[in-house]
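Quick one: this structure, given as structure tokens, is what I'll be asking you about.
So that the names make sense, note that chain A is the first sequence line, chain B the second, and so on, each numbered from 1.
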Protein chains: 2
Amino acid sequence: MINARQLEVLTTVIEVGTTLRAAELLGVSQPAVSNMIRHTEDLIGITLFERAKGRLVPTKEARLIAQEAQHLFMQQKRVSRIVREIREGSRGSLTIAASPSLGLGLVPRVIGEFATGAPQLRVSLELGSIDVICDMLASGQADIGFALTQPRHPAVSHEAVGAGEMVCVCPPGHPFARMRRIGVADLNQVPHISYSAATPLGQMIDRVFAEKGLERRYAFEVRHTATALEMVAAGLGVALVDSFGLIGRRADNLERVAVEPSMPIRINAMMPRLFPTSSLAISFLDRFRTVTGAAG
Amino acid sequence: MINARQLEVLTTVIEVGTTLRAAELLGVSQPAVSNMIRHTEDLIGITLFERAKGRLVPTKEARLIAQEAQHLFMQQKRVSRIVREIREGSRGSLTIAASPSLGLGLVPRVIGEFATGAPQLRVSLELGSIDVICDMLASGQADIGFALTQPRHPAVSHEAVGAGEMVCVCPPGHPFARMRRIGVADLNQVPHISYSAATPLGQMIDRVFAEKGLERRYAFEVRHTATALEMVAAGLGVALVDSFGLIGRRADNLERVAVEPSMPIRINAMMPRLFPTSSLAISFLDRFRTVTGAAG
DNA sequence: TTATCATATAACACCCGATTATACGGTTTG
DNA sequence: CAAACCGTATAATCGGGTGTTATATGATAA
């Protein structure tokens, strides 16, 4: 019927009064404006201007149309702004699913970096087991997932986005703090915090102990490294944690000591195979890699 | 940036899933859709679809844009509807200024006819003296004016839109009702309703009496024919009224009798010279003419 | 393998919306 | 009154966005 360009020309002419100044404002020639108005009048069958003494006088109808067109212009600007924000990565929604080990420490920190300066960005973070994460990804409820274990799900792809190892943390002044490295067996000699045998970390540590013919003995049992860290910081004992959990954490109330034997861990990023990965998720992944790469 | 057509194609493809069905819905060929999408992606620099196994899978970004575009489409439809309503004369605002003689009888009746079936039409009617009417027109407060007297104002044009004459009305069973015509002098013999000497009608009637060397004598004085009509209908007496006031009025409680000598009157429509007359005003004028022409 | 469906590419056509150049009517001005 | 100026309209033309048909390519189903 009548298109946005025609409405734009119409309202501009009404605003500034002459085709000449309207043409200047619109950055086109005067005949373009003149022709457009005539064409629009023919198209919609409404007289938009009276030609009085060589001047254009807008009719009431033209004024009404121009007024209503303002709402259309608002929406045009809105869509343009949203498109621009998407391109600049500052708009969109990103849903992240993570295992508690990562979701309570490293991931929130990366989100914090990622979201600064992008107020229109909505990030939501869901915690869950590896199976829950896979289900969320497969069903489109989450865009990207992070866990220390590898997913086994046909609709979920994965890739390593960070390599690290288990390290020992202890309060400042603890005997361990003066050692360059400790053996896992040493842990049994001091009160320490460890993980439920039902968790991946607990199983991994148990495996290492088992190889040495030992049995893990600990004072406090937790499920997540973030909890263990807080307990160590509170002075309750030492703990084995993944090196990622220490990234960005101020070191004034924690000492870090290497562990023998090395227990390598890797962070797996997971993405759904059934849906295209959003560009927002991809750029989040990039940011994630720079963080873990800098201090894995 | 991104235009409405591109958004339309985008949302259609997302809705129906394939370029082929989108092309059908949009009434264009499949390559047109395919090219448009590619072109849009290049234009805005955002990947809108992933090409997976020969199918197009919309990205999150595309979904978001399509969703926001709905508001734009709403406004487009709204503007189109308004344009159509204007063309069909069923939308707009029309302000009419009329003298009380017309504004209390004939004009409201024409407005009633004019506005039926056009719910979006706003008509306002202002009553006033001929000078007030002229001022309203000259200042753009009114679109069109109606009066029995001719305007004398440089910025107001006028034209006759109905010719009639003064007629005598009397209650059914009144002695006058059996006469084919009466003389003005006969009025002095019966109780009758007439007009203040300060009104145009009063002056006109006085002039006729004066030509016959008579003086007008009446029982009730009013200012408007509409009032006079009501009083006659109430049985208070007879009256001279303009023939327009009887148009459309049911005749069961009023008898109409011609008057000698004839007192021709005309209705003047007035329009501002400084502003273009709205098409709504012009079509109202047309309707007015058909009403007065049918039974002047 | 063949048939079918969906997308992409190539080559071409059309028309909208732009251009420049110029004419024309009105108002202002020396 | 003629000249200058302002604003609009017309003519002829151009370019690109958006369309077309024909066809290739790739994935899936029979």
So, Gln150(B) side chain and His158(B) main chain: donor-acceptor pair closer than 3.5 Å or not? no
Any side-chain N or O of Ser34(A) below 4.0 angstrom from OP1/OP2 of dT8(D)? no
Between atom CZ in Arg38(A) and atom P in dA11(D), what is the gap in whole Å? 10 Å
Between the protein and nucleotides 18-21 of chain D, list every N/O to N/O distance that falls short of 3.5 Å.
unit_1  : atom_1 : unit_2   : atom_2 : d
dT18(D) : OP1    : Asn3(B)  : ND2    : 3.0
dG19(D) : OP1    : Arg5(B)  : NE     : 3.1
dG19(D) : OP1    : Arg5(B)  : NH2    : 2.9
dT20(D) : OP1    : Ser29(B) : N      : 3.4
dT20(D) : OP2    : Ser29(B) : N      : 2.6
dT20(D) : OP2    : Ser29(B) : OG     : 2.6

Can you check the Arg51(A) CZ to dC6(D) C1' distance for me, whole Å? 17 Å
Is Ser34(B) reaching over with its side chain to a backbone N or O of Gln30(B), donor-acceptor style, under 3.5 angstrom? no
Tell me whether Arg21(A) is salt-bridged to Glu24(A), with the criterion being a basic N under 4.0 Å from an acidic carboxylate O. no
In terms of heavy-atom contacts, does CE of Met1(A) have more than 12 from other residues, nucleotides or ligands at under 6.0 Å? yes
Start and end of the DNA chain C segment that chain A contacts, any atom under 4.0 Å from a heavy atom: dG17(C) to dT27(C)
Side-chain donor/acceptor of Glu159(B) to backbone N/O of Ala269(B), under 3.5 Å: no
Hey, is CZ on Arg122(B) packed in by over 12 heavy atoms from elsewhere, all under 6.0 Å? no
In whole angstrom, give the distance that lies between atom CG of Leu20(A) and atom P of dC6(D). 9 Å
Is it the case that Thr47(A) and Thr59(A) place a side-chain donor and acceptor less than 3.5 Å from each other? no
Nearest heavy-atom contact between Pro272(B) and Leu137(B) is CB-O, 3.2 Å
